[in-house]
Number of protein chains: 4
Amino acid sequence: MTPSTPTRDRILDAAMRLFGEQGYRGTSVAQIERAAGLTPGAGGLYHHFRTKEALLRAGIERNLNRLDALRDIRRVLGGLGDLRAELTLSARYVLAELDGEEELLRIMLTEARSRPEIVEDAVRQLVNTTFTEFTAWLRESAGVPEERAAAVASVGLGALFSSRVMSGLLKVSPVGVDDETFVATWVEMMHRMLTPEES
Amino acid sequence: MTPSTPTRDRILDAAMRLFGEQGYRGTSVAQIERAAGLTPGAGGLYHHFRTKEALLRAGIERNLNRLDALRDIRRVLGGLGDLRAELTLSARYVLAELDGEEELLRIMLTEARSRPEIVEDAVRQLVNTTFTEFTAWLRESAGVPEERAAAVASVGLGALFSSRVMSGLLKVSPVGVDDETFVATWVEMMHRMLTPEES
Amino acid sequence: MTPSTPTRDRILDAAMRLFGEQGYRGTSVAQIERAAGLTPGAGGLYHHFRTKEALLRAGIERNLNRLDALRDIRRVLGGLGDLRAELTLSARYVLAELDGEEELLRIMLTEARSRPEIVEDAVRQLVNTTFTEFTAWLRESAGVPEERAAAVASVGLGALFSSRVMSGLLKVSPVGVDDETFVATWVEMMHRMLTPEES
Amino acid sequence: MTPSTPTRDRILDAAMRLFGEQGYRGTSVAQIERAAGLTPGAGGLYHHFRTKEALLRAGIERNLNRLDALRDIRRVLGGLGDLRAELTLSARYVLAELDGEEELLRIMLTEARSRPEIVEDAVRQLVNTTFTEFTAWLRESAGVPEERAAAVASVGLGALFSSRVMSGLLKVSPVGVDDETFVATWVEMMHRMLTPEES
DNA sequence: TATGAATGAGTGTTCATTCAT
DNA sequence: TATGAATGAACACTCATTCAT
């Protein structure tokens, strides 16, 4: 019951990596044990987690907590004064966040249908929080009126999100739009959206 | 359910539905047989498909062919003269396409990691084709210079795509941005991007 | 119910060949049908044989009948006057017989344990008949006293028989004893056994 | 039956017995498990053997090792001084060896065609070794010239071998030649072959 | 805390056989 | 006479989980 035993962490690491690579169902308890340095098939895993599903739950939670620690960086963003600069930082930050949690993202997308209860919280934290914060930033820093903010955030973050779904999950990089160009285009798009059009 | 449709088709229907709901691994051959009106576990499925995997392959192919009939995006769009109207149609068309193939989309996202060879072609057809055609439309109709077109298409279609990944796969509708608002915002964003900014 | 339909024979041919190559259990009805020019798995075989086992039974019987036709040649043997020549012919004849029915021999050896009832008759005809005739020849032509004849035949024919079991079934040819040498040695051995030893 | 012997051995015993009785294909893993005191169909066998085929392989190897202990034929034979006595011992020894490994012999004959790779080594050890040693004995003790030795061994051992194939595998005992008579006849035959004929 | 051994339920797949057409 | 489709029973093998040691 000592929740910080090294073995427990090794199991979590191995499990999340394998879940990300092969899916939850595609990963056997024996495989996880082997990857964690335990005897495969001996059930040593069950001294640390009551169930394979409990392990998934714990793994997702741990990754989310790790994310929370990083999310404070967000506060650094504000107050640059330059809208373009702040947008660029925002984009890079969101993409980096998604990249850092590619594993988690993959698990969530893969298991979303079969275990909605488990994934619900994770999605709320990984997606909704970012969404809410970005919406708030749009209102406060860019002066976007309330009713527009959510919609603009939805479109803007969606573009970033899907870029990572494509590359990380579907292994598709449409044509040859590299990250830099993608971000630059996104920034310009958002910038035009946030500045009044002089018609 | 309708025992008059040919068995092969009933199997395909059942399989694609179940694959979409429970994933490929999560769906047993017996389940598919039962859903197709065959005796579960008797292997009647194997008179029509050599392998469970061959069934997946055939199912994906069938759905893609069904899509191909609808595919000629530019024909639908062309010649309205009004950029805003054409963009709105574009958005609605792409979203409708994704909605109509929610099942296929779900399978592709879920199985992309474990069976990349199978999904590769499907992705190319479902994602890349749309991408290529939209890029072409941007160049020809909206007069976007070549080097920008791909990047703009990437951002624009990405936003649409992710909206469906969120709602269809993750069952997340961030805040309360309904479809109409989402499309309107997207159209405005694209429109500003495609018309010269008078600085 | 026309027992001489070409199809029936094609099935028998295919079945016996496949049974010899892969064993009875290792050969599926569908395989036999395919090899006989019928649609595999459609059960066309069952218009000619009530059961897979009935097919085996009929196949063995047919091969045995074929053998019976040849066995009269045996009468040609007698009366050469020269013991050595007659022994040589005997050896060659028995070996040729075993070679010609290698398929049948293989099936019998393979299925002997699992279906003793079927194989019983075949063994009696293929082995015992030859044994009885050879014993009779020993008595009549070589003048071997009754009580010795059976034992000598047993040892002599056994040597021939095992040579074919080794090469045909076990694919073993011990060292480099070619057929000619083998027969010559066998003939000398039998000849010494059949002529009174002058001590 | 004896639940105290290690499970692995009980599985091996059961498997070899059943393989001998019903053939490899004819024996199901569940049957073996039941005979070994495990729950049939639960796959407990797979904790000890990776595959049904690996089990066969291990079983054959174990039986061969058991044989090796007894194998030193020439040590048993040598130095009696009397050729007849030594031949009698030889015959009895070889027959006893074949009787003791009737199970193995049956498996080898039955599976030789379908799994040649597995049986190859076994044949080499069970047949060829005996053959080689007997050949050597013929040369050294009985003074048979090199070129004759192999052929004589081939005929002589063949007779012994086939006697066991007949009785053990085909359940045929031609006429009523009992073992004693058979051996006596064989010894006389070999003896005449090994002593110079005074013409 | 870790292991070796076991188990119940299930996996995809094969196959001999039947039957309406 | 032949076929397409179906079925019941079996198959080898996997896996999450338990438990005595």
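Below, chain A is the first sequence line, B the second, and so on; all start at residue 1.
The pair R106(C)-E102(C) counts as a salt bridge, with a side-chain nitrogen and a carboxylate oxygen less than 4.0 angstrom apart. Salt-bridge formation is not detected for the pair D13(D)/R8(D): no Lys NZ or Arg NE/NH1/NH2 atom is positioned less than 4.0 Å from an Asp or Glu carboxylate oxygen.
One side chain, N63(B) or E101(B), offers a donor N or O that lies under 3.5 Å from an acceptor on the other.
Relative to the side chain of T7(D), the nucleotides dA5(F), dT17(F), dA5(E) differ in distance, and dA5(E) lies closest. The side chain of K52(C) sits closest to dA16(E) out of dA16(E), dA5(F), dA6(E).
A close approach under 4.0 Å does occur between a side-chain nitrogen or oxygen of H48(C) and OP1 or OP2 of dA2(F).
A donor-acceptor contact under 3.5 Å links the side chain of H47(D) to the base of dA6(E).
Whole-Å rounding puts the Y46(D) OH to dA9(E) P distance at 19 Å. When rounded to the nearest whole Å, the span between CG of L55(C) and C1' of dC15(E) equals 15 Å. Here dA2(E) presents its C1' atom at 11 Å from CZ of R10(A), a figure rounded to the nearest Å. Whole-Å rounding puts the F49(D) CZ to dA6(E) P distance at 12 Å. In this structure, the CZ atom of R50(A) is 16 Å from the P atom of dT1(E), given to the nearest Å. Following rounding to the nearest Å, L18(C) (CG) and dC15(E) (P) show an atom-to-atom distance of 13 Å.
Both G44(C) and T51(D) sit near DNA chain F, but only G44(C) has its closest nucleotide nearer the 5' end. In terms of position on DNA chain E, the residue among L45(D) and G43(B) whose nearest nucleotide sits closer to the 5' end is L45(D).
To the nearest 0.5 angstrom, M16(A) atom CE is 12.0 Å from E21(A) atom CD.
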| task | Show the numbers, then the answer: is there a salt bridge (charged side-chain N to carboxylate O under 4.0 Å, His left out) between E53(C) and R57(C)? | result | CA-CA 6 Å; E53(C) 189 167 318; R57(C) 229 179 271 266; 2.9 Å; yes

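Residues of residues 22-42 of chain A that place a heavy atom closer than 4.0 Å to DNA chain E, in numerical order, are L38(A), T39(A), G41(A), A42(A).
The nearest pair of heavy atoms linking K52(B) to Y24(B) is NZ-O, 2.9 Å. When all heavy atoms are compared, the tightest approach of A58(C) to L12(C) is C-CD2, 4.0 Å. Pairing each heavy atom of A122(D) with each of I60(D), the nearest pair is CB-CG2, 3.6 Å. When all heavy atoms of A15(A) and L55(A) are compared, the closest pair comes out as CB-CD2, 3.7 Å.
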| message | Output the pairing pattern of DNA chain F as a dot-bracket string, 5' first, Watson-Crick or G-U wobble with both distances under 3.5 Å, | for cross-strand pairs, [ ] for crossing pairs. | response | .||||||||||||||||||||

